[in-house]
Trainee: 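The structure that follows is given in the form of structure tokens.
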Amino acid sequence: MNKIIFWLGFLFISLKLAAQIDLNYDNKFQLALSYEDAGQLEKAEAILRELTNLQPWNYSYFDSLTRILLKQKKYPDAISLIESKINQSPQDINLYGLLGSVYFMSDNVVKAYEVWEKGLNVSPGSVVTYRIIANYAIENRAFEKAIEILQRGKKNTDEPEIFSFDLANVYLANMRFSEAANEYYELLIRKPDQLGNIKSKLSLYSDNKAALIQFIETLKNKIKDDKTPNLYDLLSYIYSLNSDYDSAFKILVDYENKIKGNGNTILSFARSAQLNGEYEVALKAYEYLMKNFPSSLQSALIKFYHSTALEEILNKKYQSELESWKPIQSKKIIYQNEFNGIIKTYESLIKDSSVNLNRIEILYRIAEIYFNRLLDYKKADSLYTLINLRGANTEFSIFSFLRRGIIAILNDQLDDANSLFEKVLMNNRTNMEQKAEANYFIAKINFWKSNFAGTIKYLDETTKNLSNDFANDAIELLSLINFCRKDSINLSKYALADLLSFQSKFSLAIEELKPLAANLNLFLLNDYANYKIAELLLVVSDIPTSLKILEDIAEKNGIFADKALLLLGKIYQYGVKDRTKASQIYQKLLEKFPNSLYFDQARDYLNNLQINNG
Amino acid sequence: MNKFFLIYICLSTLILAQAKILIYMDLQQTDHLKAYGIAYNALKEGMVGDWLLNYRGGSFMFDYSDKLAAKCRLKGVAFQTLSQQEAVQVYSLVQSEDQNMEVIRLEKAPKIAVYVPPNFKPWDDAVTLALDYAEVQYDRVWVEEILRGDLEKYDWLHLHHEDFTGQYGKFYASFSNAPWYIEQQKIYENEAKKLGFKKVSDMEKAVVVAIKNYVGQGGFLFAMCSATDTYDIALSALNVDIVDKMYDGDPPDPNAQSKLDFSQTLAFQDFKLEMNPLIYEYSDIDIQPSEIGTEQNDYFTLFEFSAKYDPVPTMLTQNHVNVIHGFMGQTTMFRKKYIKNSVYILAERAGTDQVKYIHGNYGRGTFTFYGGHDPEDYQHAVGDPPTDLSLYKNSPGYRLILNNILFPAAKKKEQKT
């Protein structure tokens, strides 16, 4: 019994002592770390040396002591410490990596490589061995050595794909893009599911043309001998990153053929191309899908996107046919058959009950074509009305009210137009821009009806937010009314001419304006009338008379002198095609009106003329 | 001297019977930045002009020519043509003793070099933006050109968002995996290797010494953002390793701070290094955002110097306003207590120890340091698009940059003090 008590007591005291010792060591260790934080490295070193001697197996002490020796650049001391640790644990690959690093830091590259080599020999069949040592080489920016080690790992182990990924990263860091692409190729062959990872890695180089070109060239060469489908997908992706959508599409078609796919990759490519403004290639892609996958579940959607792409291309062509330099455009119908074709497709999609598409959007698109391109206002109006009925809660409803208001003006139904614009103002869903438009048109209606007080009220509303598209026109109209309000009879005549001009009744508008233009006693209104006539004459292609009027305005130095000079310049540049004369006129504007609102525009035109003259 | 100058002006204007073009630089000017380009290019074409310090915001006066007038119009630069009599009146006002104004003759367009690394991105440098916008021609130089002595061909050298300590902007913590960072490090390492340096930081030390020699021999150095403090830090650390392992492969000297040699620096002294490699700061020279407060309150004030007695700082501070909105950078402003006494303070945040703009002499040359990255982008971040200067034609912050390019064009006068 006594013996038992004795041994139990002995054990208790021993454990207590051991715990006491551990606590002491731990306190000392913490003290050493505090010294390190305070920059007193020598004191920290002394404590850690003591602790390491007492507990040579303790990795924390070893690690901290090594770090502190390196901080003090005591490389020989660090080397002997690590070597003694290696003697204790000769299988620890990390220690070889670390020792090699210390040799590397101390400029002994040969010895560093030698030690790393020893580390590699510890377990030459293991993936981990190569990766650990290669990482030490990479840390020391010994990239060539790292590449050599990783290549050996790829060859000597049974998981070469891991090394391909590592190698690609090292090559990318060294801007060796072709070699990186080679590694990605190998990776893709071995592990097709890595395609997403590779794509995401390459996407980081989307603004590096040189890298993209090297990726493309390498993969193109690979594809010559290797028809693995994923390669096509990857190459197409890189072409897209390089904004070469045509090539991307061609390669993607090959890919689809190879995998006998359902066209989904091409569809998502086409959408991306369309969103990036690459309408032609998007159109080609949709046509391919329509031809090759006629019974696809997505065929209605493809048809719809196809039509939208076609519409965008036609819109671009339409815009290029307009004489955009003229201040007032005469509306014309061109590409009628093509636009009708698009309408037919849209209509067929609406009729097809099996199709799940936003029919209100399609209706609105059709209405817009009738309104903007085919100038069939009656048809457009009926469609906009339908949208107001069926899609009252959609964003298209407010747009439709605005369009119907304009159509009512064109049809001379000003009261109807007014109530349509009022509906826009009363709608909770109307945004600021739409409100500004509605206010502006109500102001115009008041103006055309000679209710100038009402006009001012709504123009004030329009100009509350100056960033909207109608603010400038509103300010211009406000200044006209403020100047000429006292002469309401003549202002009414001007307003009527303005309405006729809006309704594209240009000749009638000119006739209305002529008496005002001839009456020199009207001062400002006379200037307005003359300038407006000059603009309208351009629409009816009477350039000589327009030129004459504008030259007179410019000569008189009235309020439109600078504006007239700018328009004269444009007429000579685009209408008469006399670039020298145009150039002289722009210069005259710059010289005579340095504070003009049109100064910057004139300068840009002049700069353009000079650039184009070479 | 003044009277002689006035007589000379009167006679020359009468003899040549020529009117003048006054490019005024006050609030009436439509495009201040292009105006500098007009003046610079006029000098380049052999014209001689005058910089009328403190007259209408620091205006330029040139002999009238149709070509110059057309150029001003084309570039949107407002100007006024003056008759001989009007020009004489302007000159006599500027020269009069009771006005803090002065006429500085501009004779020759300085040859400009900008230190631009090969992986330069448009967001890197406000000066190249300003020079490009003003249409001022410049050459790009980098390490190799500097080390082989090419700087002697240039009158003016600009440094911008460069890190002369060799720590790649201390972006390691945030961007070490970004392709642009990886590429940048590799480009610098390759250059160091090509030129026989073991470390990038060693190469940078050679560069700062070469630049210092260039200034000493009469060059004009203009630096912005991190190029300012890192330049001086690198000079102070010529004989000590201050760079951590991830930047140069070995640890820094644990006693680096005590080994700094401030006698080597141009502008700063007694500063404390930020040795943590993961903290995006080099030293305590730079003012921290928390010390600045809100953007709305961040304004700095230009000092007014005597135009007749201190023409150089006067030239550098010509502007149409004297309180300017601040802007940040990796180095935003300088702490006043670390600026050497010999250095002129050109602009500071009134009532604080925060200095924005300084100037000093070294040897036969001068240096000017301007804190912040982009005067019209308050907090310019990596990857942000470059500032469109056509939207900031009257930027007073950018004007300070452009003052620097014309300052070396000034005919050297005898100092009055």
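Protein chains get the first letters and strands the later ones, always in sequence-line order, with residue 1 at the start of each.
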Trainee: Do A:Asn208 and B:Glu183 make a side-chain contact, defined as non-hydrogen atoms from C-beta onward lying under 4.5 Å apart?
Mentor: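 The answer is yes; the side chains approach within 4.5 Å.
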
Trainee: Side chain, backbone, both or neither: which part of B:Asn255 has a non-hydrogen atom closer than 4.5 Å to chain A?
Mentor: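 Answer is neither: B:Asn255 stays 4.5 Å or more from chain A.
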
Trainee: The criterion is side chain to side chain donor-acceptor pair (under 3.5 Å); which residues satisfy it with B:Gln80, sequence neighbours excluded?
Mentor: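 So B:Gln80 forms a side chain to side chain donor-acceptor pair (under 3.5 Å) with B:Arg56.
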
Trainee: Salt bridge or not for A:Asp600 and B:Lys393, using N-O below 4.0 Å?
Mentor: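 Salt bridge flag = yes for B:Lys393 with A:Asp600.
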
Trainee: If you count heavy-atom pairs within less than 4.5 Å of chain B, which of A:Leu70, A:Val102, A:Asn140, A:Leu41 leads?
Mentor: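 It is A:Leu70.
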
Trainee: Quick one: what part of A:Tyr586 sits under 4.5 Å from any heavy atom of chain B, side chain, backbone, both or neither?
Mentor: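 No part of it gets close to chain B.
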
Trainee: B:Arg73 versus A:Leu606: any side-chain heavy-atom pair under 4.5 Å?
Mentor: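 Sidechains of A:Leu606 and B:Arg73: no contact.
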
Trainee: Hey, what do you get for CG (B:Asp253) to NZ (A:Lys71), rounding to the nearest 0.5 Å?
Mentor: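 With rounding to 0.5 Å, CG (B:Asp253) is 13.0 Å from NZ (A:Lys71).
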
Trainee: Side chains of A:Tyr75 and B:Asp250: closer than 4.5 Å at any heavy-atom pair?
Mentor: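 Side-chain contact under 4.5 Å: yes.
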
Trainee: Under the side chain to side chain donor-acceptor pair (under 3.5 Å) rule, collect the residues that match up with B:Gln137, sequence neighbours excluded.
Mentor: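 Partners of B:Gln137 by the side chain to side chain donor-acceptor pair (under 3.5 Å) criterion, ordered by chain and then number, come out as B:Lys44.
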
Trainee: Which bit of A:Asp604 comes within less than 4.5 Å of chain B, counting heavy atoms only: side chain, backbone, both or neither?
Mentor: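 Contact with chain B involves no heavy atom of A:Asp604 at all.
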
Trainee: Would a 4.5 Å heavy-atom cut-off, applied to side chains only, mark A:Glu139 and B:Met246 as touching?
Mentor: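 Side chain of A:Glu139 against side chain of B:Met246, heavy atoms only: no contact under 4.5 Å found.
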
Trainee: How long is the gap from CG on A:Asn607 to CG on B:Leu74, to the nearest 0.5 Å?
Mentor: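 Reported value, rounded in 0.5 Å steps: 4.5 Å.
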
Trainee: Working note: B:Asp31 + A:Arg603, criterion salt bridge (charged side-chain N to carboxylate O under 4.0 Å, His left out); need CA distance, chi angles, decisive distance, verdict.
Mentor: CA-CA 13 Å; B:Asp31 195 331; A:Arg603 212 178 65 218; 5.2 Å; no

Trainee: Kindly give the heavy-atom pair with the smallest separation between B:Ile182 and A:Ala173, and that separation in Å.
Mentor: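 Heavy atoms of B:Ile182 and A:Ala173 come nearest at CG2-CA, 3.1 Å.
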
Trainee: Is a donor on one side and an acceptor on the other found under 3.5 Å between the side chain of A:Lys73 and the backbone of B:Pro251?
Mentor: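 Judged by distance alone, yes, a pair lies under 3.5 Å.
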
Trainee: Chain A heavy atoms under 4.5 Å from B:Gln28: which part of the residue, side chain, backbone, both or neither?
Mentor: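 Answer is neither: B:Gln28 stays 4.5 Å or more from chain A.
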
Trainee: If I take atom NZ from residue B:Lys186 and atom CZ from residue A:Arg176, how far apart are they, to the nearest 0.5 angstrom?
Mentor: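 Rounded to the nearest 0.5 Å, the NZ-CZ separation comes out at 8.5 Å.
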
